[in-house]
Q: 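Got a structure for you, written out below as structure tokens; questions coming shortly.
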Amino acid sequence: SQQGEEDPQALSIQEGENATMNCSYKTSINNLQWYRQNSGRGLVHLILIRSNEREKHSGRLRVTLDTSKKSSSLLITASRAADTASYFCATKKGGSEKLVFGKGTKLTVNP
Amino acid sequence: SAVISQKPSRDICQRGTSLTIQCQVDSQVTMMFWYRQQPGQSLTLIATANQGSEATYESGFVIDKFPISRPNLTFSTLTVSNMSPEDSSIYLCSVWTQSDTQYFGPGTRLTVL
């Protein structure tokens, strides 16, 4: 079953703007991962954030995790047309080897 | 990290036939995972493949429809049997790394006519 729920389901912005995507989940987790998928291709791993971490950065990406609210956000700063893709969060529960995916956010960055 | 390859990258098949998808990893791993992504949807776990034992299937997926082989620690196959148009999806394999990150193969895009 899907644990994560991303919002918005779709987001359209102009190049240079920031894009924020949110992910909520239902049970306690061990870690949360964000992925990007370009037009039906394979998933590219973006960032892993563990349950004892609150924020991580990687280049133009910033991920936050609030375990009390069971939510995470992915911020892409200074977006580019090449950032156009679907973004998924996925959670791993402690004691489980399974990764459970959210429904994803489809981001369109207009030139 | 892990480098994962899949074959074929895409295929168009007739209903009633079967397709076997191969997944190769560049390092030895205990578990390999198979996911399905239906058009416009997110990823759903089909099964977990362990070397030397039968695969563990998720609810809604059965071995007769999706038989899996795991002959060694770097390779696995997923067969989609007796296909129907509803099986048209992207099929992806994945593995965990020691850094607690799950990496995915490039996917196999299957279209069933």
Side-chain angles (χ1 to χ4, degrees), chain A residues 1-10 21-26 29-53 56 58 61 63 65 85-108, chain B residues 1-11 21 23-25 29-51 53 55-61 88-111:
Chain A
S1 62
Q2 298 289 339
Q3 165 154 253
E5 294 281 342
E6 282 97 329
D7 76 85
Q9 290 188 340
M21 290 159 270
N22 302 297
C23 168
S24 61
Y25 55 92
K26 297 175 183 174
I29 61 171
N30 181 272
N31 64 52
L32 185 147
Q33 323 214 11
W34 283 92
Y35 292 88
R36 184 185 75 226
Q37 185 180 40
N38 291 85
S39 190
R41 306 179 83 167
L43 268 70
V44 174
H45 187 267
L46 297 176
I47 287 185
L48 159 73
I49 187 164
R50 303 183 191 278
S51 59
N52 61 352
E53 297 175 314
K56 287 189 83 169
S58 176
L61 307 180
V63 167
L65 178 65
S86 291
Y87 292 82
F88 295 92
C89 70
T91 54
K92 179 178 184 288
K93 296 193 294 184
S96 171
E97 294 300 320
K98 300 177 187 178
L99 202 58
V100 179
F101 279 80
K103 294 181 179 179
T105 294
K106 188 171 184 178
L107 173 67
T108 301
Chain B
S1 66
V3 178
I4 305 172
S5 60
Q6 286 186 233
K7 291 181 182 179
S9 58
R10 58 177 60 221
D11 207 341
I21 302 167
C23 179
Q24 179 77 51
V25 189
V29 293
T30 305
M31 295 182 184
M32 295 177 76
F33 301 86
W34 286 98
Y35 287 83
R36 180 178 73 181
Q37 185 180 28
Q38 295 177 300
Q41 303 296 312
S42 185
L43 280 76
T44 301
L45 182 63
I46 297 172
T48 303
N50 296 305
Q51 195 269 335
S53 64
T56 303
Y57 289 83
E58 297 299 304
S59 176
F61 297 97
S88 297
S89 298
I90 299 173
Y91 293 86
L92 303 105
C93 63
S94 68
V95 302
W96 286 108
T97 64
Q98 290 185 342
S99 60
D100 225 10
T101 299
Q102 190 163 119
Y103 284 94
F104 285 79
T108 295
R109 182 185 286 270
L110 171 63
T111 301

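As the structure is a computational prediction, the values presented were derived from the model and not from experiment. Proteins come first, then strands; the chains are lettered A, B, ... in the order of their sequence lines, and each starts at number 1.
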Q: Verify, without hydrogens or angle tests, whether B/Q6 (side chain) and B/C93 (backbone) share a donor-acceptor contact under 3.5 angstrom.
A: yes
Q: With a 4.5 angstrom heavy-atom cut-off, is it the side chain or the backbone of A/Q33 that approaches chain B, or both, or neither?
A: side chain
Q: Please enumerate all residues that pass side-chain hydrogen bond (donor to acceptor under 3.5 Å, both in side chains) together with B/R109, with sequence neighbours excluded.
A: none
Q: Non-hydrogen atoms of chain A under 4.5 Å away: do they reach the side chain of B/T101, the backbone, both or neither?
A: both
Q: Which answer fits B/T108, side chain, backbone, both or neither, if we ask what part of it has an atom under 4.5 Å from a heavy atom of chain A?
A: neither
Q: Just checking A/K56: does its NZ atom have more than 12 heavy atoms from other residues, nucleotides or ligands closer to it than 6.0 angstrom?
A: yes
Q: If I measure from the heavy atoms of chain B, does A/L43 come under 4.5 Å with its side chain, its backbone, both, or neither?
A: both
Q: Show me the pairs that pass salt bridge (charged side-chain N to carboxylate O under 4.0 Å, His left out) and involve residues 44-53 of chain A, at least two apart or across chains.
A: A/R50-B/D100
